[in-house]
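So the structure is just underneath, and the comments pick up after that.
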Amino acid sequence: MTARRWQLAHGRHLDLGGKAVVVGILNVTPDSFSDGGQFDAPEKALAQARRMIGEGALVVDVGGESTRPGAAAVSASQEQDRILPVIEALAGVSEVLISVDTYRADTARLAVAAGAHIVNDVWGLQREPDIARVAADTGAGLVIMHTGRDRQKLPDVVADQLTFLRKSLEIARQNGIADDRIVLDPGFGFAKETAEENLDLMARFSELHALGLPLMVGTSRKRFIGTVTGRDAADRGVGTAATSVILRLQGADLFRVHDVAFNVDALALADAMLARQTDRARN
């Protein structure tokens, strides 16, 4: 694994490559696809964040608008009312790294001011490009995610990834964001409509290293795991952990998950195996 230092807001950083990094998902929404309404009160959200940190999450990703297909849109003020009290509270009681899951520039700016270190944009800077300026101005780490929503995709799953993400990277660089602040995410499940498309992307994941940047994955509880396993969303933790191991062995650095403990254990084994392979190659 390539060792890299990811530079973040507020003078923080995260070293990537040596060990897998687990990012805990904290949806403070009433309608997210597998945990909607469970953590939509600040005290419940903070308790869940502490639970995930205790289980080994190094980053907590806070989102205030569901991104599931067909979810109702919320206003910027609704999103901010949901997430800002949680980010402020979490920043006040923990040294954990905080990510904000938003595509809105104003929300991102307020979230970083409240204590967030990372901006995670599921539209890859291509829905509201001003968010790139926010990342540049605040020094936030930036996750650029691929999506196939609201556009015509290329028929080849990796070609579409590379085309979309290169456009996003051009936006980032034009706004002065250095590569050491950027992580890419292939967006499993985001307009990848079939299990086969997601499995193809997983099988060919290593081809994304052509972009030369760290990679985060978010397969957690996704529908394609249910198609393969027959499990409902809340029962896909083990299946998610299996995908995490597969993707770690192909070079993924960060893993955005609901079920932190399952994935921490599974990824510890993947890292141990990779370390043994490295030792054997040296000897």
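Fair warning: this is a prediction, and the values are worked out from it, not measured in the lab.
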| Can any side-chain N or O of R133 pair as donor or acceptor with the backbone N or O of N175 at less than 3.5 Å? | yes
| query | Any link between I53 and V28 through a network of hydrophobic side chains (Ile, Leu, Val, Met, Phe, Trp, Tyr) touching at under 4.5 Å? | reply | yes
| said: Would you say that P186 contacts L208 through its side chain, given a criterion of any heavy-atom pair below 4.5 Å between the two side chains? | reply: yes
| request: Using distance alone, with no hydrogens and no angle criterion, decide if R280 and Q277 have a side-chain donor and acceptor under 3.5 Å apart. | output: no
| said: Here's a test for you: under side-chain contact (heavy atoms from CB on, under 4.5 Å), which of L84, V100, V134 qualifies with L110? | reply: L84
| query | Any side-chain heavy-atom pair from V74 and R82 closer than 4.5 angstrom? | reply | yes
| said: Restricting to salt bridge (charged side-chain N to carboxylate O under 4.0 Å, His left out), what partner residues turn up for D156, sequence neighbours left out? | reply: R204
| field | Side chain to side chain, L215 and L254, heavy atoms closer than 4.5 Å | value | no
| said: Applying side-chain contact (heavy atoms from CB on, under 4.5 Å) to V143 and W6, what does each step give before you reach the verdict? | reply: CA-CA 11 Å; V143 179; W6 190 17; 3.8 Å; yes
| said: What I want to find out is whether K153 reaches E197 closely enough, with some N-O distance under 4.0 Å, to be called a salt bridge. | reply: yes
| Shared hydrophobic cluster, I98 / L14 (ILVMFWY, side-chain heavy atoms < 4.5 Å) | no
| said: Before you tell me yes or no, could you show the steps for E65 and T107 under side-chain contact (heavy atoms from CB on, under 4.5 Å), namely the whole-Å CA-CA distance, both residues' side-chain angles and the distance that decides it to 0.1 Å? | reply: CA-CA 11 Å; E65 180 174 0; T107 299; over 6 Å; no
| said: With a 4.0 Å cut-off on N to O distance, would you call E193 and R223 a salt bridge? | reply: yes
| task | List for me each residue that meets ring pair (Phe, Tyr, Trp, His ring centres under 6.0 Å) alongside H209, sequence neighbours excluded, and say none if there are none. | result | none
| said: Please find the pair of heavy atoms, one from L125 and one from S168, that lie closest to each other, and give the distance. | reply: CD1-O, 3.6 Å
| Is there a side-chain contact between N263 and F255, using heavy atoms and a 4.5 Å cut-off? | no
| query | Just how far is it from atom CE of M216 to atom CG of L184, taken to the nearest 0.5 Å? | reply | 10.0 Å
| field | Interatomic distance, T102 atom OG1 to I83 atom CD1 [nearest 0.5 angstrom] | value | 6.0 Å
| query | Are V62 and V21 connected in the hydrophobic side-chain network, where two residues link if heavy atoms are under 4.5 Å apart? | reply | no
| remark: Exactly one candidate in R166, K192, R151 meets salt bridge (charged side-chain N to carboxylate O under 4.0 Å, His left out) with D160; the answer is R151
| side-chain hydrogen bond (donor to acceptor under 3.5 Å, both in side chains) evaluation trace for S99 with N120 | CA-CA 7 Å; S99 171; N120 177 15; 4.5 Å; no
| said: Just verifying a value: how many Å separate Q7 CD and H117 NE2, rounded to the nearest 0.5 Å? | reply: 12.5 Å
| query | If Ile, Leu, Val, Met, Phe, Trp and Tyr residues are connected whenever their side-chain heavy atoms lie under 4.5 Å apart, and connections chain through other members, are L58 and I87 in the same group? | reply | no
| Does one hydrophobic cluster hold both I144 and L247, with members joined at side-chain heavy-atom distances below 4.5 Å? | yes
| With sequence neighbours excluded, residues passing salt bridge (charged side-chain N to carboxylate O under 4.0 Å, His left out) with D235 | none
| remark: ring-ring contact (aromatic ring centres under 6.0 Å, His included) pairs touching residues 140-187, sequence neighbours excluded, are H146-F164
| task | Applying side-chain contact (heavy atoms from CB on, under 4.5 Å), run through T163 and L154 and close with a yes or a no. | result | CA-CA 9 Å; T163 299; L154 297 174; 3.5 Å; yes
| request: For R5 and L16, indicate whether the former's side chain and the latter's backbone hold a donor-acceptor pair under 3.5 Å. | output: no
| Quick one: are L201 and Q161 in side-chain contact, heavy atoms under 4.5 Å? | yes
| said: Do V122 and T147 have side chains that approach each other closer than 4.5 Å (heavy atoms only, starting at C-beta)? | reply: no
| Ion pair R248/D271, N-O distance below 4.0 Å | yes
| query | If you measure from CG on L90 to CG on L26, what distance do you get to the nearest 0.5 Å? | reply | 8.0 Å
| From CA spacing to verdict: salt bridge (charged side-chain N to carboxylate O under 4.0 Å, His left out), R127, D150 | CA-CA 10 Å; R127 179 161 174 173; D150 296 346; 5.4 Å; no
| message | Which residues pass the side-chain contact (heavy atoms from CB on, under 4.5 Å) test with R173, not counting sequence neighbours? | response | L169, D179, L213
| Sub-4.5 Å side-chain heavy-atom contact between V60 and L97 | no
| message | Let's go through L46 and V93 carefully: what are the C-alpha distance in whole Å and the side-chain angles of both, what is the deciding distance for side-chain contact (heavy atoms from CB on, under 4.5 Å) to 0.1 Å, and is it a yes or a no? | response | CA-CA 9 Å; L46 192 57; V93 300; 4.0 Å; yes
| message | Is there a side-chain contact between D121 and M145 in this structure, where contact means two heavy atoms from C-beta onward sitting under 4.5 Å apart? | response | no
| Between F205 and F188, what is the ring plane arrangement, given parallel below 30°, perpendicular above 60°, and tilted in between? | parallel
| query | Does V238 sit in a hydrophobic cluster with other residues, and if so which ones, taking ILVMFWY side chains as linked at heavy-atom separations under 4.5 Å, directly or through other members? | reply | F262
